[in-house]
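Structure, as structure tokens:
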Amino acid sequence: MVIAEDSVLLRDGLTRLLTDRGLDVVAGVGDGEALLALIERLAAESALPDVVVADVRMPPTHTDEGVRACVELRSRHPGVGTLVLSQYVEERYASELLAGSTRGVGYLLKDRVADVREFVEAVQRVAQGGTALDPEVVAQLLGRSRRHDVLDALTPREREVLGLMAEGRTNSAIAKQLVVSDGAVEKHVSNIFMKLGLTQSSDDHRRVLAVLRHLST
């Protein structure tokens, strides 16, 4: 794994946190250009990391260098998972990340990462090709879609299920959250795909990204 964070203290802290829990951090960098240069060097050595954890804002302007580097990285090396950390939700950045490869992607809000175990699990999930999206990111993408009348055909329960799907939860996890049967969730999911005009897939990860890409347009 590679960590891209301009704050030395935070970068070192993330490195210690993740390595203490058995994850391998091969390098840390402080800006987007350094991140892309490092990834290209690792690619030349056939040593690409499973995942990059990156801050949205890095030097020189501290605006969007980090996320732009991640979007470029996903274009060049779609097999590398990208987990972005941000202070707040920026819909355009989230949409750009979700518009590319169907491989691992994450967007978490720093101030809402309160549980170390859940954060480590999110990093591992993205490294393995899954998703890790903060519920607030999901809510704003869903809200954006509502403005475009994409979700008008869904019932309130179907919208609730869709939001949980977009967080990366399996049908079983959704059933536990809503205290309903797995069969009820499967029916809701089937209805959601039908109403949104999406092809069903047995791959939960592809299913989530298909929905999110559809909602973020």
Side-chain angles (χ1 to χ4, degrees), residues 1-19 23-45 47-114 119-120 122-127 129-141 144 166 168 209 212-213 215-217:
M1 153 188 344
V2 169
I3 297 175
E5 165 63 58
D6 63 295
S7 168
V8 175
L9 289 177
L10 183 53
R11 187 168 70 238
D12 288 350
L14 284 172
T15 298
R16 287 195 298 272
L17 183 153
L18 293 168
T19 54
L23 302 182
D24 184 19
V25 179
V26 298
V29 295
D31 62 73
E33 290 187 4
L35 171 60
L36 291 176
L38 172 63
I39 294 300
E40 292 308 312
R41 179 172 64 79
L42 292 175
E45 299 171 356
L48 281 172
D50 293 327
V51 62
V52 168
V53 178
D55 190 9
V56 164
R57 300 188 169 196
M58 290 194 290
T61 68
H62 293 278
T63 55
D64 60 357
E65 285 84 356
V67 72
R68 284 195 288 108
C70 284
V71 171
E72 178 64 22
L73 187 156
R74 288 176 63 77
S75 175
R76 297 183 191 179
H77 304 287
V80 177
T82 52
L83 175 58
V84 170
L85 299 176
S86 180
Q87 293 287 358
Y88 46 85
V89 180
E90 300 192 52
E91 292 180 14
R92 177 169 62 87
Y93 297 152
S95 297
E96 287 180 6
L97 285 171
L98 295 168
S101 165
T102 57
R103 187 147 173 92
V105 63
Y107 194 118
L108 300 179
L109 301 182
K110 290 181 178 179
D111 292 342
R112 289 164 55 89
V113 178
F119 174 68
V120 173
V123 173
Q124 292 173 319
R125 188 160 65 249
V126 172
T131 56
L133 300 173
D134 189 283
E136 185 61 28
V137 175
V138 174
Q140 290 206 24
L141 287 177
R144 179 182 180 183
L209 289 187
L212 285 174
R213 281 202 302 272
L215 295 176
S216 63
T217 57

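This is a predicted model, so every value here is computed, not measured. No hydrogens, no waters, no symmetry mates; every other heavy atom, side chains included, goes into these values.
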Roughly how far apart are L85 CG and Y107 OH, rounded to 0.5 Å?
10.0 Å

For a quick test of reading the model, state the closest non-hydrogen atom pair linking K110 to Q87 and the distance between them.
CD-NE2, 3.8 Å

Heavy-atom nearest pair, V126 first then T82, reads CG1-N, 3.7 Å

Salt-bridge test for R41 and E45: reply yes if a basic N is under 4.0 Å from a carboxylate O, no otherwise.
yes

Can you give me the closest heavy-atom contact between L38 and A27, atom names plus distance?
CD2-CB, 3.6 Å

Donor-acceptor pair, distance only, cut-off 3.5 Å: does the side chain of R74 make one with the backbone of A69?
no

A132 and L83 have their tightest heavy-atom pair at O-CD1, 4.3 Å

From L48 CG over to H77 NE2, what is the distance, rounded to the nearest 0.5 angstrom?
5.5 Å

Between atom CG of D50 and atom CD of Q124, what is the distance when rounded to the nearest 0.5 Å?
11.0 Å

Does any N or O in the side chain of R125 come within less than 3.5 Å of the main-chain N or O of T131, such that one atom is a donor and the other an acceptor?
yes

T19: which residues meet the side chain to side chain donor-acceptor pair (under 3.5 Å) condition with it, sequence neighbours left out?
none

Answer yes or no: is there a side-chain heavy-atom contact under 4.5 Å between L36 and R76?
yes

Which pair of non-hydrogen atoms, one from D134 and one from L108, has the smallest distance, and what is that distance?
N-CD2, 3.9 Å

Atom pairs and distances, side-chain donor-acceptor, residues 2-9, under 3.5 Å, sequence neighbours left out:
| from | atom 1 | to | atom 2 | distance (Å) |
| --- | --- | --- | --- | --- |
| E5 | OE2 | S7 | N | 3.0 |
| S7 | OG | L10 | N | 3.3 |

Side chains of M1 and V123, heavy atoms from C-beta outward: is any pair under 4.5 Å?
yes

Is any side-chain N of the basic residue among D55 and R11 closer than 4.0 Å to the acidic one's carboxylate O?
no

Interatomic distance, CD1@I39 vs SG@C70, rounded to 0.5 Å, equals 9.0 Å

Do other residues, nucleotides or ligands put more than 12 heavy atoms under 6.0 Å from E33 CD?
no

Calculate, to the nearest 0.5 Å, the distance between atoms OG1 and CG belonging to T15 and L23 respectively.
11.0 Å

